[in-house]
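Quick one: the structure is below, questions incoming.
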Protein chains: 2
Amino acid sequence: MTTLPVLQDACCAPITEEALTADQAAVLSARLKALAEPARLRLISLLAAAPDGERCVCDLTAPLGLSQPTVSHHLGVLHKAGLVTREKRGTWAYYAVVPEALASLAAVLTPAARS
Amino acid sequence: MTTLPVLQDACCAPITEEALTADQAAVLSARLKALAEPARLRLISLLAAAPDGERCVCDLTAPLGLSQPTVSHHLGVLHKAGLVTREKRGTWAYYAVVPEALASLAAVLTPAARS
DNA sequence: GCACTACATCGATGGCTGTCAATAGTGACA
DNA sequence: TGTCACTATTGACAGCCATCGATGTAGTGC
């Protein structure tokens, strides 16, 4: 299983610029789906709010009130979408957000500057 | 059935600012889910790319290759999420994007300005 | 080696959702 | 009034997915 089924860089011009092709829509949709879950949104915000910008899985299960397998699953989805990075240090796995990935998504959603 | 189950304005600070509550995450998730579908992304871009910024349902089924009920369903989802407006003129229903809604989503995703 | 901890994976399950055919509602027009 | 065109709703079905318990894997320390 590869770790980057979804490309990191922008897939297309801002969504309001010109009509999306089916392929572009599929790529964008895959990234947004990775984000469009309450648990994953909270995970992202928890990671970003951490002092060092990273956290291990064991620190994330309690605030979410979800089981460890479920949290691990959500982090895997975010990782495959390129929204977070994973670094194993000893027994722990530390996750951190990829700000550029979020910025890229935001850029696609930003409407073209109109009066 | 109300037309605005999802509020129009921003639900929270940028996602990377501070940890989301469960409620905030649910609201944000609902809006992102409305967007995270290839068909709906293409609908949004088709609407935005229209000369007048609006289009009737009959003009949208062909480019998407979906049946009329399905397109109507997707437009309904976007409408309930506050991402598009609907205006019935005679027999036709004209849909248009709400730029502010997209901008609000983009703002939440935009990482806090960091060096 | 053995026990313990942290994390990932597997299998199952219940709920959600995208899709269509069929149907209903509504405005236009003769 | 009757007919036609456009749109929304309903019902049904298939596929996806969030969740959990159980299990596997790997690192740590005794």
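Quick note on labels: first sequence line is chain A, next is B, and so on, each numbered from 1.
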- Message: Just the rounded figure in Å: distance from P of D:dG27 to CH2 of A:Trp92.
- Response: 13 Å
- Using side chain to side chain contact (heavy atoms under 4.5 Å, CB included) as the criterion, list what pairs up with A:Gln24, not counting sequence neighbours. A:Cys12, A:Leu20, A:Thr21
- Message: Could you tell me how far apart A:His79 (NE2) and C:dC7 (C1') are, to the nearest whole angstrom?
- Response: 14 Å
- Item | Distance, rounded to the nearest Å, where B:Lys88 contributes NZ and D:dT7 contributes P | 8 Å
- Classify the nucleic acid contact of B:Tyr95 as base, sugar-phosphate or nothing, counting any heavy atom under 4.0 Å across all strands shown. sugar-phosphate
- Would B:Trp92 and B:Leu43 show up in the same hydrophobic cluster when neighbours are defined by side-chain heavy atoms closer than 4.5 Å? no
- Message: Hydrophobic clustering (ILVMFWY, side-chain heavy atoms < 4.5 Å, transitive) - are B:Val77 and B:Leu41 grouped together?
- Response: no
- Query: Does the cation-pi check pass for A:Arg89 over A:Tyr94, that is, NZ or CZ under 6.0 Å from the six-membered ring centre and within 45° of its axis?
  - Reply: yes
- Query: Considering only D:dT9, C:dT5, C:dA8, which nucleotide approaches the side chain of A:Thr91 most closely?
  - Reply: C:dT5
- Item | Protein-nucleotide distance (B:Leu64, atom CG; C:dC20, atom C1'), rounded to Å | 15 Å
- Query: Below 4.0 angstrom from OP1 or OP2 of D:dA8, is there any side-chain N or O of B:Arg86?
  - Reply: yes
- Item | Minimum heavy-atom distance between B:Ala36 and A:Ala36, given as atom pair plus value | CB-CB, 4.4 Å
- Query: Nearest-Å distance, NZ (B:Lys80) to C1' (C:dG18)?
  - Reply: 14 Å
- Item | Nearest-angstrom distance from the residue atom CG of B:Leu43 to P of D:dT7 | 13 Å
- When the distance from CG of A:Leu75 to P of C:dA6 is rounded to whole Å, what number comes out? 16 Å
- Within this structure, what is the CZ-to-C1' distance between A:Arg55 and C:dC7, rounded to whole angstrom? 18 Å
- Gap separating the CD1 atom of B:Ile44 from the CG atom of A:Leu28, nearest 0.5 angstrom: 11.5 Å
- Task: Apply the side-chain hydrogen bond (donor to acceptor under 3.5 Å, both in side chains) test between B:His74 and each candidate in B:Arg42, B:His79, B:Arg40; give the one that qualifies.
- Result: B:Arg40
- Query: Tell me, for nucleotides 14-21 of chain D in 5' to 3' order, what letter each nucleotide earns: B for a base near a protein heavy atom under 4.0 Å, S for only sugar-phosphate near one, - for neither?
  - Reply: ----SBBB
